[in-house]
Amino acid sequence: MTVETVIDGDLIAFKAAAAGEKRTVDVYDSSGKYIEEYKNRTEFKATIPKDQHNEYEFKDIQRPEPIENVLHTAKKMINGIAEK
């Protein structure tokens with residue numbers, strides 16, 4: 001008996017790509033001066049008083065992991081689907 005499986009490759013590509021990136025934020029003061037890089041906005045906002053939250057600007061940073069990591073993740077997902 002032969003079993004065929006149809007896989008939506010978009011889902012695998014999206015999940016593997018999302019897992020294969022590191023996200024952080026660069027923080028700038030109201031004059032545009034660079035402050036520091038943080039894991040996320042919440043981490044930065046915990047360091048300042050609440051009434052100052054709107055005085056800063058954020059730039060989202062995405063850094064890709066090596067392509068080998070992304071391909072490994074995609075392969076594991078495909079193998080998991082095939083096993084089921």
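Sequence positions, counted from 1, serve as the residue numbers for this chain.
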Review point. Rounded to the nearest 0.5 Å, how far apart are CG of Asp29 and CD of Glu57?
Key: 8.5 Å

Revision key, fill the gap. Taken to the nearest 0.5 Å, the spacing of Glu68 CD from Lys75 NZ works out to 13.0 Å

Review point. Salt-bridged, Lys45 to Glu55, with N to O below 4.0 Å?
Key: no

Review point. With a 4.0 Å cut-off, would you call Arg41 and Asp60 a salt bridge?
Key: yes

Review point. Looking only at heavy atoms, which two atoms of Ile78 and Ile7 are closest? And how far apart?
Key: CG2-CD1, 4.4 Å

Decide yes or no for [X] and [Y]: does some side-chain heavy atom of the first lie under 4.5 Å from some side-chain heavy atom of the second?
X	Y	answer
Lys39	Val25	no
Arg63	Glu21	no
Thr73	Ile12	no
Lys33	Tyr28	no

Review point. Going only through I, L, V, M, F, W and Y residues with side-chain contacts under 4.5 Å, is there a path from Phe58 to Ile61?
Key: no

Study note, to complete from the structure: Students should find that the hydrophobic cluster of Ile67, defined by side-chain heavy atoms under 4.5 Å apart, otherwise consists of Val70, Leu71

Exercise for review: Would you please indicate yes or no on a ring centroid separation below 6.0 angstrom for Phe44 and Tyr56?
Suggested key: yes

Check your understanding: Do the side chain of Thr47 and the main chain of Glu43 share a donor and acceptor less than 3.5 angstrom apart?
Key -> no

Check your understanding: Is there a donor-acceptor pair closer than 3.5 Å between any side-chain N or O of Gln52 and the backbone N or O of Ile48?
Key -> no

